[in-house]
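The structure appears right after this line, and notes come after that.
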Amino acid sequence: MKKSFLTIVTLVAITVSSFAQKQVSSKTHLKFFSTTPAEDIEANNYKAVSTLDTSTGDLVFSVPMQSFEFEKALMQEHFNSKKFLNTKANPKAKLKAKIVNLSNVKFNTDGSYTANVEGDLTINGITQPIKEKVTFKIVGGKVNLTSKFNLTLADYEVAFKKGKPSTNIAKTVEVTVEANF
């Protein structure tokens with residue numbers, strides 16, 4: 001009886017420990033910003049989902065592309081169209097990455113840590129390797145992730161071939177990410 005009780009307690013402890021290492025973001029915000037002489041374009045997405053495994057450094061983001069919100073309805077229409085991102089055919093962007101300097105991030109100690117993340121980013125059905133810096137802020141056991149980087153749209157075969165929209169969006173856009181786990 002005593003042996004069975006100890007086995008159950010051990011299993012519960014292992015289960016609780018493994019759940020604590022894999023965290024799901026309760027709030028993820030992505031923003032992209034494009035600037036050209038014609039206009040600035042900004043879009044925000046609050047519907048992305050992300051997971052972080054603090055024991056392995058695995059990081060995954062899933063971004064529903066039709067959830068980007070624009071200032072003008074016409075911008076959103078162009079963004080989702082077959083001539084640009086074709087979000088009906090490619091409804092999600094996905095990042096599967098890993099923190100390569102995981103030992104530098106102390107997830108159990110309050111502080112700010114810079115991490116190097118490497119992985120694959122898929123947008124518009126095109127997957128490219130990506131290496132970016134990420135900042136983790138740990139406060140009271142809560143993990144906040146932020147990052148800002150540039151994406152070249154041609155790398156993901158995203159571009160208007162001709163017409164006014166082709167001159168209104170930059171060839172490289174700034175992407176800002178914030179996730180709270």
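If you read the sequence from its start, that first residue is 1, and numbering goes on from there.
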Applying side chain to side chain contact (heavy atoms under 4.5 Å, CB included) to Thr114 and Val134, what does each step give before you reach the verdict? CA-CA 6 Å; Thr114 300; Val134 171; over 6 Å; no
What I'd like to find out is whether the side chain of Met75 reaches to under 4.5 Å of the side chain of Glu42, using heavy atoms alone. no
For residues Met65 and Phe79, report the shortest heavy-atom separation together with the two atoms involved. O-CE2, 3.4 Å
Go through the side-chain N and O atoms of Asn44 and His29 and say whether any donor and acceptor fall under 3.5 Å apart. yes
At what distance, to the nearest 0.5 angstrom, does CD of Gln23 lie from CG of Leu59? 11.5 Å
Is the ring centre of Phe32 less than 6.0 Å from the ring centre of Phe68? yes
Hey, which of Leu151, Thr152, Val158 is the one that makes side chain to side chain contact (heavy atoms under 4.5 Å, CB included) with Val173? Leu151
What is the distance from atom CD of Glu39 to atom CD of Glu71, rounded to the nearest 0.5 Å? 8.5 Å
Interatomic spacing from CD in Gln21 to CG in Asp53 - rounded to 0.5 Å: 6.5 Å
Check the side chains of Asn80 and Gln66 for a donor-acceptor pair under 3.5 angstrom, ignoring hydrogens and angles. no
Side-chain donor-acceptor pair under 3.5 Å between Lys142 and Asn180, yes or no? no
Backbone of Lys47 reached by a side-chain donor or acceptor of Asn45 within 3.5 Å: yes
Close side-chain approach of Phe107 to Leu52, heavy-atom, < 4.5 Å: yes
The test is side chain to side chain contact (heavy atoms under 4.5 Å, CB included); show your working for Ile123 and Leu85 and say whether it passes. CA-CA 8 Å; Ile123 299 174; Leu85 266 169; 3.9 Å; yes
Student check: side-chain heavy atoms of Val49 and Thr28 closer than 4.5 Å: no
Nearest atoms (heavy-atom pairs only) where Pro64 meets Lys92: CA-CG, 4.2 Å
Heavy atoms, side chains only, cut-off 4.5 Å: are Lys148 and Thr176 in contact? yes
So, do Val117 and Lys133 sit near enough that their side-chain heavy atoms are less than 4.5 Å apart? no
So, do His78 and Phe84 have ring centers that fall under 6.0 Å from each other? no
Taking the side chain as C-beta and beyond, is there a heavy-atom pair between Val175 and Val177 under 4.5 Å? yes
Using only heavy-atom distances, determine whether the side chains of Asn144 and Glu178 contain a donor-acceptor pair under 3.5 Å. yes
Heavy atoms, side chains only, cut-off 4.5 Å: are Val60 and Ser50 in contact? no
Got a second to check how far Ile138's CD1 is from Thr54's OG1, nearest 0.5 Å? 9.0 Å
Can you tell me how far CG of Leu145 sits from CD1 of Ile99, rounded to the nearest 0.5 angstrom? 8.0 Å
Contact summary for Leu102 and Ser55, nearest pair of heavy atoms: CD2-O, 3.5 Å
Nearest heavy-atom neighbours spanning Gly140 and Asp110: N-OD1, 2.8 Å
Distance-minimising heavy-atom pair for Phe181 and Ser25: CD2-N, 3.3 Å
Evaluate the side chain to side chain contact (heavy atoms under 4.5 Å, CB included) criterion for residues Asp120 and Leu95: first the C-alpha distance (whole Å), next the side-chain angles of each, then the deciding distance (0.1 Å), finally the verdict. CA-CA 6 Å; Asp120 292 319; Leu95 171 71; over 6 Å; no
Without swapping roles, check the side chain of Asn101 against the backbone of Ala115 for a donor-acceptor pair under 3.5 Å. no
Can you name the closest pair of heavy atoms from Ala48 and Leu30 and give their distance? CB-CD1, 3.5 Å
Would you say Thr122 and Tyr156 make side-chain contact, with heavy atoms under 4.5 Å? no
Is it the case that more than 12 heavy atoms not belonging to Lys98 sit under 6.0 Å from its NZ atom? yes
Does either side chain, that of Asn168 or that of Thr36, offer a donor lying less than 3.5 Å from an acceptor on the other one? no
So, taking the atom named CG in Leu121 and the one named CD in Gln128, what distance separates them when rounded to the nearest 0.5 Å? 8.5 Å
